Amino acid sequence: MRFPFGPQEASPCSLPRSAPGVLRVTARTGAASAPNLVARLVARLVARLAFYLVLCLGVTLIWESRAAATVLDDDNVLSISLQDGTVVRLYGEAGPRGQKTQLYHYLPANLRLARRADKTPEFLFLKYTTEQRESDDGVQGALLHFLVEWGLDGAQEAELGERLAAARRGARLIGPVPMEPVAESAGFQIVSATLSDASLTPQVLHFGKAPLLPGDRAAAAARLSGRGAQLMAASLEQTRSIADLSVQLNFRYTTLAPAARGTATIHWDRLVDESESLKSEYTRTKDCFLWWCGEEEISYEESRTQFQFLESKKVVEVDFEELREDERTAKIREAFFQYFLDALATPSLQAPPAPADRQDSGEESADQRRQGKSNSFSQTVSKTLRERGSQTFRLEYRMAVRWPFSLTGNLGEWYDGVRDNPRCVGAVNLNDPFFEHRDLQFVLDLDSREMFEDAVNYVTVNVRKTRSSGRPFEDSLTFTAESVAARGVVQSLTYARGEDAASDVYEYQEQWSLRGGEVFPAKPPWRSGSWEGVTLTPPVASRSIELEGDLVALEGAGVTRVTAQIRYRRFGREVEENLHLSPLSGEPLVRGRIYLDRGSRGYAYRLILNHKELGKLALPWSPKVGDDYIYAAIPTDLLVDASPSLAAARGAAQEVPPAGDEGVLAQFAELLEGEQR
């Protein structure tokens, strides 16, 4: 009988032993001994089975390639309690089937207030009031500002490593589990009845991303009304079981979990010993059965019907448990059926007709080959079957599963450590003579703090206050990476009121300097400041761009390098950034960071391919809105000689796109719509 896929050599592809989504196939035969010919035949058939399974599953089954390189085993999990009560959950790295590795990673734990270099908690709860009522322009309320981080400290990590080694001999602690972000608005959440009520909390600011690494920080700030301040103070300072403010960080992580497992057994000896009775029962309704069909060729559907008949008679036993819904498990069943056909049948000599819409490319897909449906059973092969006894295959498929994870902490847990610290908690009466000297506070948001590491040189703030008499007050301050590391994200200037009758109005201007010597704005405007504090937000926002490609496919196509050429606006001008992906690097995913104007809807990009024989090829420009992921896909007709796409790509590679306001971005209205300038 002809195998519908046609004769094939064993596939050169191999499945990684610890890759996610790996299919494991093992076989054993019931024959105690067999002639060399039979042994070679069994070996060949097992190799064929592995090839067909790999072919059905797309050469190799891998989990979503944007996930981190570390692969975790869902069946290798431990929970360990530390001496301070912290419970840590650990996952082992995935290894070969049935084996647990000794390398462990821990899920985020120990959510806490961040601290400055001098160990001061980065927390502020400042209540303020005046002698006047609100109806007489008096003010009252509170400022709440804090930063949180997660991760084990040095002592906790050392203790965890010791307890892990004691719980599992030879186990080692590697570090945290690679976490993945969720939607930006859901990554960092503040849960508070007071802060969610606009009448109690007129303004709430928080950075919307959960920190993915230990030591990274998330920030929140709020300005509470008088009633809101009283409620929050009562929640924090009076008898309570929990404060009315919780912080929740939401992540995702991926583990390798079983998706399907089972066995498939063919009783070759029973097939031979009971052949007459099987034939007699089957041919009551059908014309022929297996090798009794002689030279007659039967259809693919008839072959499957015969296989199902053998299953009903327990000559073929398939016990397959699908633990998760996945279409690839059905292909495992199909591949086993194809193996059975290949063991008993020889191919038809007549090639099947090509489908009407098929292009003559010289290659056929599996579905096209299956349309042949022409097979004939071999009596020669049947004579050797009994010597094989029973043959059992153990099938197991594992797939990557993405799990949600939340880390939650309540402000009440942290407040006891700061309530007596005057640098963190205080109250002021703005009519007190002492406060004739007022502090003008300026706060960097967390996005700015992160940018100091690789994009921002400094931000300068100039302040001026025109007094009703005497000379005006003028001063300035500068945030740098060093000042932020030493003093945190808050700086202040002190204003002496003196005889000033209009003491509640001042102005400030800010100017940002980015790496490369750019400053923005060139002529910063003056703005009215607030005595409660001013938050400094950078004019640009950071975006982490990912470029990914199938290295095997790129190398097979003759592509030696892929460059993602990215155009975006920064400070109102079009600038360029490039990401490079090379098959020789062995890294299928590269990342880069861009800083584009705040309010920009996205960026434009194109792929430039370096080909061994065709030289440099440039694909058309495309817009990206709200998506930071680029896949290096090669159009199917690009590398075909004399194709219009190839000619266009060669010509585009010779062009240098213009920069400035009328460059590449001007082609895409969706990127410029609503842009802030």
Side-chain angles (χ1 to χ4, degrees), residues 181 184-185 187-188 205-213 216-219 442-461 478-485 489 509-524 535-547 563-580 589-606 621-630 657-661 663-666 668 670-677:
E184 184 169 318
S185 60
F188 174 32
L205 299 172
H206 66 87
F207 193 61
K209 293 184 293 187
L212 302 181
L213 297 174
D216 285 355
R217 300 175 178 188
F442 296 87
V443 182
L444 281 175
D445 71 4
L446 193 63
D447 202 7
S448 307
R449 180 174 185 157
E450 293 182 343
M451 290 173 61
F452 271 101
E453 297 180 1
D454 56 2
V456 174
N457 293 318
Y458 60 85
V459 54
T460 296
V461 181
T478 300
F479 288 89
T480 64
E482 292 76 14
S483 69
V484 170
V489 296
Q509 60 179 190
E510 58 180 295
Q511 188 176 61
W512 295 76
S513 171
L514 267 67
R515 301 289 168 85
E518 294 180 294
V519 293
F520 186 85
K523 295 181 179 180
T535 298
L536 303 175
T537 302
V540 294
S542 67
R543 299 275 289 270
S544 179
I545 309 298
E546 295 179 332
L547 172 64
T563 298
Q565 195 174 34
I566 302 169
R567 287 294 184 97
Y568 59 96
R569 287 194 186 279
R570 186 171 66 198
F571 293 167
R573 295 191 301 108
E574 185 173 310
V575 296
E576 182 176 301
E577 185 70 33
N578 293 299
L579 291 178
H580 305 287
L589 180 69
V590 294
R591 295 181 176 88
R593 187 171 294 277
I594 64 174
Y595 295 91
L596 70 169
D597 286 348
R598 190 172 294 276
S600 291
R601 301 193 67 228
Y603 57 91
Y605 81 97
R606 69 173 179 176
W621 289 96
S622 301
K624 278 282 189 178
V625 177
D627 186 4
D628 296 333
Y629 174 71
I630 300 172
D661 293 339
V664 172
L665 298 178
F668 305 104
E670 62 267 41
L671 296 180
L672 303 179
E673 181 182 353
E675 183 177 79
Q676 298 178 1
R677 300 216 179 182

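If you're wondering where the values come from, they're calculated on a predicted model, not measured in any experiment.
- Within the 3.5 Å criterion, the main-chain N or O of Leu665 finds a donor-acceptor partner in the side chain of Glu574.
- Put simply, CG on Asn457 and CZ on Phe479 are 15.5 Å apart, with the number rounded to the nearest 0.5 Å.
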With side-chain contact (heavy atoms from CB on, under 4.5 Å) as the test, would you mind laying out the steps for Val519 and Trp512 before giving the verdict? CA-CA 5 Å; Val519 293; Trp512 295 76; over 6 Å; no
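- Considering all non-hydrogen atoms of both residues, Ser542 and Tyr595 come closest at CB-CE2, 3.4 Å.
- Side-chain contact between Pro538 and Arg598: present, with at least one pair of heavy atoms (C-beta onward) separated by less than 4.5 Å.
- To the nearest 0.5 Å, atoms CD1 (Ile594) and OG (Ser600) are separated by 9.0 Å.
- In terms of heavy-atom proximity, Phe668 sits nearest to Ala604 at CE1-CB, 3.8 Å.
- The structure places OG1 of Thr563 at 9.0 Å from CG of Leu579, a figure rounded to the nearest 0.5 Å.
- Closest heavy-atom contact between Ala218 and Pro211: CB-CD, 3.9 Å.
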Could you walk me through whether Leu596 and Arg569 satisfy the side-chain contact (heavy atoms from CB on, under 4.5 Å) test, starting with their C-alpha distance in whole Å, then the side-chain angles of each, then the deciding distance to 0.1 Å, before giving a yes or no? CA-CA 6 Å; Leu596 70 169; Arg569 287 194 186 279; 5.9 Å; no
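- The existence of a salt bridge linking Arg543 and Asp628 is confirmed by a sub-4.0 Å separation between a basic side-chain nitrogen and an acidic carboxylate oxygen.
- The two atoms that bring Gln565 and Trp621 nearest to each other are O-CZ3, 3.4 Å, heavy atoms only.
- For the pair Asp597 (side chain) and Phe571 (backbone), a donor-acceptor distance under 3.5 Å is present.
- Using a cut-off of 4.0 Å between Lys/Arg side-chain N and Asp/Glu carboxylate O, Arg567 and Glu576 are scored as salt-bridged.
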Walk me through it: do Arg591 and Leu589 pass the test side-chain contact (heavy atoms from CB on, under 4.5 Å)? CA-CA 7 Å; Arg591 295 181 176 88; Leu589 180 69; 3.5 Å; yes
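- Heavy atoms from other residues, nucleotides or ligands lying under 6.0 Å from CZ of Phe520 number more than 12.
- Put simply, CD on Glu518 and CZ on Arg570 are 4.5 Å apart, with the number rounded to the nearest 0.5 Å.
- Checked by atom type and distance alone, the side chain of Gln511 pairs as donor or acceptor with a backbone atom of Pro521 at under 3.5 Å.
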Begin from the C-alpha positions of Ile545 and Tyr603 and carry the test side-chain contact (heavy atoms from CB on, under 4.5 Å) through to its verdict. CA-CA 11 Å; Ile545 309 298; Tyr603 57 91; 3.7 Å; yes
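- In this structure, the separation between CD on Glu577 and OH on Tyr568 is 5.0 Å, given to the nearest 0.5 Å.
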